[in-house]
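Both ligands and their constituent atoms are indexed starting at 1 by order of listing. Here the structure is a predicted model, which is why all the values come from computation and not from measurement.
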Amino acid sequence: MRRDFINAGILWFVLTLAAELLLPVLFGMFPLAASEEAAVSDESFRLLMILGTPVFTFVVAVLIYSVINFRARDGALENGAPIRSNDRVAGLWLLVTGGLCVTVIVHPGLTGLAKFQGDRNADVVVKVTGRQWTWDLSYPEYNITGATEVVLPVNKRVKFEITSTDVLHSFWIPAFRNKMDAVPGLVTTMFVTPDKVASFAEDYNLRVQCTEICGLRHAAMSVPVRVVTLSEFEKWTQEKSILADNPVARGETLARSQACMACHSTDGSTLVGPTWRNLYGSPVVFEDGTTQTADEAFLLQFITDPDFKIIKGFPKGVMPQSFGKTLTADQLDDLIAYIKTLGPD
Ligand code: CUA
C-alpha cells in the first residue's frame, strides 16, 4: 500500500514536471494580443493552465498506475480485494480542488471582471449595430456613421455600445480577446484599451468577427480593425466628417452599413444578388422575358420594392422589403448616386 502511494506519487511528479515544462510552448502559440484586456485574459489562461495541470496529471497518474499495477493477472478468476474509502485522501482531495476553485473564482475571475467592466468611463465611444450580415459602425462624438473599419486610438479606453436589428450576433475582436453578444432591443457594452499600434493588414486577429451563427453569410460578417496613434485617429475622424458632405461617399458608406455589399458585389462578380458593376444604364432581363433599363427610377423602385419583378437568374424574396421604410428619400438618392459611379464609365 505504502509502496503504491510512493510509486503513483513519483509518476504524478514526473508527469506534472513534463507537462509544466511543456506549457510555455503552448503559451507561445497565443494569437496577437493588442489590448490591456487581452493581457489580463491571457494571464488568466496561463494561471489556470499552471494550476490545473497538477490536478489533471494526478488523475492521469493514479489511473495509469492502477491500470498497470492492479490489472487482472493471467489465470486470476477472483475479483481483487474490495476498495474501502479513505477519508483522509478524500478530504484532502476536496480541500485542494475546492480551494483551487474558490481561488480562481476570486482571481483571476472577479479581479479580471473588475478590470474588464469596472471602469465605466471611456475616451471614445463606438456604436455597433449587427445586422445580417454586416456591422454598422458609428462614432457619435465625431458625427461619423457607416464607418467601414474600426479605427481606434492607442492607449485610450474605448467603449463599444452594441446592439442588433435582427437576430443575435456576437461582437468579437480576437486580438482584444473579449467579446459581447449583440442582442435585438438591448444595448450591451464592452470596454477595450488597445495597447499596440497595428492593423488587420499586419495581423488578421485585428478584425471584428461575428461569433454567433446568424445565417447564410455569418462567416463574412467581418470588419478590419486598425489601432493608430492619437494624432492619426484625429486625422481620420476629420477626413470622415468631411466625406459626410459628399453624396457618393455617403451612398457608399450607407451601402456598407446596410449590408448591401453582402449580396451585391461592386467588381462584377455574382453573389446572392446582381452585381452593381456596370448596372446603371444597362438592360435588366426579367424572368418573364421582358427587359427594362436600370435608370434612376428603376433603381429606386427596385430598392424599395424588390419583388415587383423577378430578375432572371435570381431568387425572389431574398432582398429585404424594408428599405422603402427604413431609408429616407435623401439616403436613397445617395445610394443611387453611388451605384451610378460604378459604371458604365
Ligand atoms: Cu452575425 Cu454571425
- Message: Just to verify, what does His264 make a ring-ring contact (aromatic ring centres under 6.0 Å, His included) with, not counting sequence neighbours?
- Response: Trp276
- Query: Rest of the hydrophobic cluster containing Val106 (Ile/Leu/Val/Met/Phe/Trp/Tyr, side-chain heavy atoms under 4.5 Å)?
  - Reply: none
- Query: Hey, is CZ on Phe27 packed in by over 12 heavy atoms from elsewhere, all under 6.0 Å?
  - Reply: yes
- Item | Check: Phe233 ring centre within less than 6.0 Å of Tyr142 ring centre | yes
- Query: Quick one: are the ring centres of Phe171 and Phe160 less than 6.0 Å apart?
  - Reply: yes
- Residue and atom names of protein N/O/S atoms that fall under 2.8 Å from atom 2 (Cu) of ligand 1: Cys210 SG, Glu212 O, Cys214 SG, His218 ND1
- Please, which pairs that meet ring pair (Phe, Tyr, Trp, His ring centres under 6.0 Å) have at least one residue in residues 41-68, sequence neighbours excluded? Trp12-Phe58, Phe30-Phe45, Phe58-Trp93
